[in-house]
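Below you'll find the structure, written out as structure tokens, and then a few comments.
Protein chains get the first letters and strands the later ones, always in sequence-line order, with residue 1 at the start of each. Values below: all heavy atoms of this structure, side chains included; hydrogens, waters and symmetry mates excluded.
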Amino acid sequence: MKTQVIFYSLAILYPSLATALSTTAVDNAADLIEFSLEDLMAMDINITSASKRSENSFDSSTASYVLSAQDIKRSDATNVPEALATIPGIHVAKISSTEWAIGIRGLNGKFSRYLQVAIDGRSIYDPMFGGVEWDELNVELADVERIEVVRGAVGTLWGTNTVNGMINIITKTARKQQNSELNIMLANGDRSSLNWRSGIEINEQNWFSVSASQQKYPGLFGHVTNHQEGDPQFRRLNLAYEHQSDKDHINISLFLLDGETGRVWADTRLPKASDPRTLPVISGDEDKFNNAIQFSWDRTISDKLQLKTRASYNVNQRISPLFDWNTKHKDLDIELHANLGQHRLSLGSNNRSSDSLLRSNNQFAIYLTPEEQTINVNSLFLYDSYQGVENWDLSAGLRYEANNLTDNELQGTARALWRGHEQHRIWSAVSRANGAPSRITASDTNLDSIYVPPSAETHFLPHIINTSVSSTEKNVKVDSVEFGYRFKPNKTFSLELAVYFNEYKNTMEGLRTIPEVNVSTLGFPYLSSAIVAEYNGTVETKGAELNLLWMLNNRFLIEYNGSYNDISETEGIVIKNGQPRSRLNFDRANAKTLHTLKIKSDLSDSVSISSTLRYVSSIKLLNLPSYYNMDFKINYRASKHLLLSLGARDLGKSHIEGSREIFTADHYDIESQYYLSAKMSW
Amino acid sequence: MKALLFIIILLTCLYAGKSHARNVDAMKAAYVYYYSQLLEWPDLKVGKTIEICFRTKEQSISDQFFNLNSQAKNNIHVIEITPGLGTEACDILYADSLSDHEDRPGLLLVGESQSTADIKFIIQKNKLSFEINNKKIQMKGLRASAKLLQLAARVHQ
């Protein structure tokens with residue numbers, strides 16, 4: 001009897017289970033042509049996959065944007081930061097020839113901990129100082145398949161420091177690089193780059209590709225000192241292997257970079273020169289190495305279940321006469337994605353171990369105790385998207401993160417998208433995200449003083465600020481509310497609007513004494529003050545982002561992006577212990593408005609042009625004025641194998657876009673560039 | 001008893017293996033490949049590689065055409081038409097919008113809903129099918145095989 005019950009139960013249940021978890025092939029055209037056309041015509045099709053891309057952007061409950069390889073080819077960008085400047089809501093500020101401050105929704109800075117950046121899902125955020133070393137990106141622009149940007153607090157899916165947004169740079173797999181290409185660029189100021197790429201098909205399921213490049217460009221000139229940085233040079237080598245079978249998709253990538261830069265730093269000891277305009281700059285020619293190996297394996301267990309794993313090892317070395325700064329990152333990510341009825345579930349574990357070492361000499365006065373430390377960040381997340389309510393997509397997620405340097409944290413989000421009309425979408429989200437402090441600010445750091453270069457604000461005197469810290473930095477927590485609207489009446493026009501309100505807690509504030517004029521032992525004047533940093537500040541931001549896209553016809557396209565970001569004013573004079581103090585909030589580098597107008601046009605079958613006009617409003621915290629500039633590019637298809645381009649960047653008055661939060665010796669003027677490039681393919 | 005259980009399991013596996021809806025973008029790329037094989041090309045093309053060109057903003061379709069390119073053993077070569085690149089070398093062109101491309105002899109235009117398409121995709125009862133404008137194809141010096149004409153949902157003469 002018992003046997004019979006078991007048997008009949010199995011007989012009834014097994015077909016359902018087999019159907020639910022039936023093994024199916026991953027569809028690709030090369031496999032489908034193994035069937036006859038008659039067989040293909042007899043098969044049902046999955047219509048929702050037809051507009052997968054449009055669904056991702058139009059039907060997303062986040063403020064997201066994808067820059068495709070085609071967009072990048074048509075743009076006037078010559079590197080990844082320049083390509084990011086064309087994306088709505090991103091503020092890209094070039095600080096020096098090798099440094100950028102890139103931010104989303106304000107709070108920008110070279111050492112910002114509010115933006116997470118990844119290459120193929122591997123984080124390249126620097127936990128030592130915060131921010132990203134953009135010149136160490138061991139990916140050439142021509143290697144980029146697409147750049148996915150999500151604006152807003154999406155820490156639930158992407159982990160810590162995804163407070164204002166996430167940038168994921170997806171590189172081309174080996175299969176996509178089967179053509180051979182040679183790219184040469186020459187520009188004014190002795191700037192040049194050379195890139196060669198090629199690939200081979202090993203067999204029907206395996207591919208290999210290689211990409212090698214070299215670039216060099218001149219260092220920029222300081223605005224006050226006219227002191228030129230050393231000329232940077234970089235060499236990159238990328239090797240990629242790809243395997244695609246019915247159930248498995250494997251990618252192995254090796255990224256190698258070595259280069260030299262000549263950054264200029266501020267000598268924080270008292271200036272020795274008698275002329276206060278002569279800044280105490282120190283140049284440390286720096287050798288850089290950035291090598292990474294990454295392995296990813298996607299396994300389709302069934303048409304309802306997919307397993308994704310990713311492991312990587314990344315070693316960075318920076319060697320200069322002023323310091324040795326080395327980091328090693330080990331990442332392991334495991335994710336399961338399942339379709340269960342109306343639910344799309346994602347469950348995952350992300351683990352990162354970052355070992356960093358900083359040794360400096362007494363000219364570069366920053367010391368860490370201990371010199372070497374490992375930061376372990378381990379997290380678990382669960383995310384569910386539910387489509388069981390007609391015309392609604394509802395999603396929610398939670399991430400628990402343990403960080404050995406700070407507190408353990410919970411991040412969460414709840415989102416809703418209404419799709420009741422085929423031309424309109426409305427979405428909203430509430431989220432909590434977390435920004436972990438850098439090792440520099442969270443550890444026992446001996447940073448005695450900060451040097452502020454002479455400027456109109458300091459009456460052209462150098463300003464030495466003696467620093468101390470009253471508490472250890474904590475995680476910044478942000479609570480965010482967002483609303484979005486999309487209108488797409490046809491394929492030629494689209495409008496997208498996003499509005500947000502953010503509150504950040506535990507931001508870094510300082511109470512500074514009123515600066516006094518002192519005279520150095522060598523007889524020249526300077527300003528001095530003292531600041532005590534605390535981590536209990538609160539900042540509120542609110543803003544809006546607008547994107548308009550209009551294709552007049554298939555040969556002419558106009559795109560406008562505008563963003564407005566307002567930060568609460570918390571600065572001012574306060575009285576502490578009977579003495580006036582200036583309250584400063586260090587997380588307020590914000591350009592209130594950004595406007596970009598892009599025009600792309602095919603003038604004929606062989607000639608196309610693109611142009612971008614950009615406006616960035618002033619940045620009060622850094623005393624930087626607003627500026628306009630323009631980029632322009634014309635492409636000429638000389639033959640099937642040869643594409644010639646003539647371009648210009650930063651046309652307009654020379655201007656300053658940004659500066660480092662600390663160690664700034666001078667600001668750098670961004671001048672116009674002109675270039676000629678040739679791309680040969682075969 | 002065990003034998004009966006084994007037969008039931010075998011049958012359910014076979015049943016489960018049949019249920020699968022195909023990716024429509026992969027199907028379109030596969031159909032375009034078959035058009036290259038089931039049309040008769042001018043004598044010039046006998047024994048030569050057939051150039052399949054595409055221009056689309058849909059990443060999923062673009063990926064599928066690139067995937068088709070991996071079939072090096074077949075007599076096809078797939079090219080993405082980027083702005084500024086003409087279609088002189090193309091034998092077949094699939095594009096989101098065909099109206100801005102030259103309609104010339106020897107070039108087969110494949111599209112979704114355009115009147116200019118020589119072969120137009122349609123979806124009927126959850127299956128991908130197509131209509132052929134045979135008159136236009138013949139005027140271009142091309143000839144659709146009897147098999148292709150027979151499989152089409154509609155043939156315009």
Legend entry - Worked verdict on B:Leu128 versus A:Leu40 for side-chain contact (heavy atoms from CB on, under 4.5 Å): CA-CA 8 Å; B:Leu128 183 65; A:Leu40 292 179; over 6 Å; no
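- Sorted by first and then second residue, the pairs that involve residues 126-157 of chain B and meet ring-ring contact (aromatic ring centres under 6.0 Å, His included), not counting sequence neighbours, are B:Tyr35-B:Phe130.
- Of all the heavy atoms in B:Ala29 and A:Ala29, the pair that sits closest is CB-CB, 3.7 Å.
- Listed by chain and residue number, nothing satisfies the side-chain hydrogen bond (donor to acceptor under 3.5 Å, both in side chains) test with A:Asn339 (two or more places apart in sequence, or in another chain).
- For A:Lys600, no part sits under 4.5 Å from any heavy atom of chain B, backbone or side chain.
- Inspection of non-hydrogen atoms places B:Lys147, B:Leu148 of residues 139-149 of chain B under 4.5 Å from chain A.
- Residues A:Leu37 and B:Tyr34 come closest through the heavy atom pair N-CZ, 3.8 Å.
- Annotation: B:Gln157, atom CD; neighbour count of heavy atoms from other residues, nucleotides and ligands within 6.0 Å is above 12.
- Under the rule for a side-chain hydrogen bond (donor to acceptor under 3.5 Å, both in side chains), B:Ser62 has no partner lying at least two apart in sequence or in another chain.
- Ion pair B:Asp63/A:Arg146 not flagged as a salt bridge, since none of the NZ, NE, NH1 or NH2 atoms sits closer than 4.0 Å to an Asp/Glu carboxylate oxygen.
- Using a 4.5 Å cut-off between heavy atoms, A:Ala42 touches chain B through its backbone atoms (N, CA, C, O) alone.
- Taking each heavy atom of A:Met41 and B:Leu151 in turn, the nearest pair found is CE-O, 3.2 Å.
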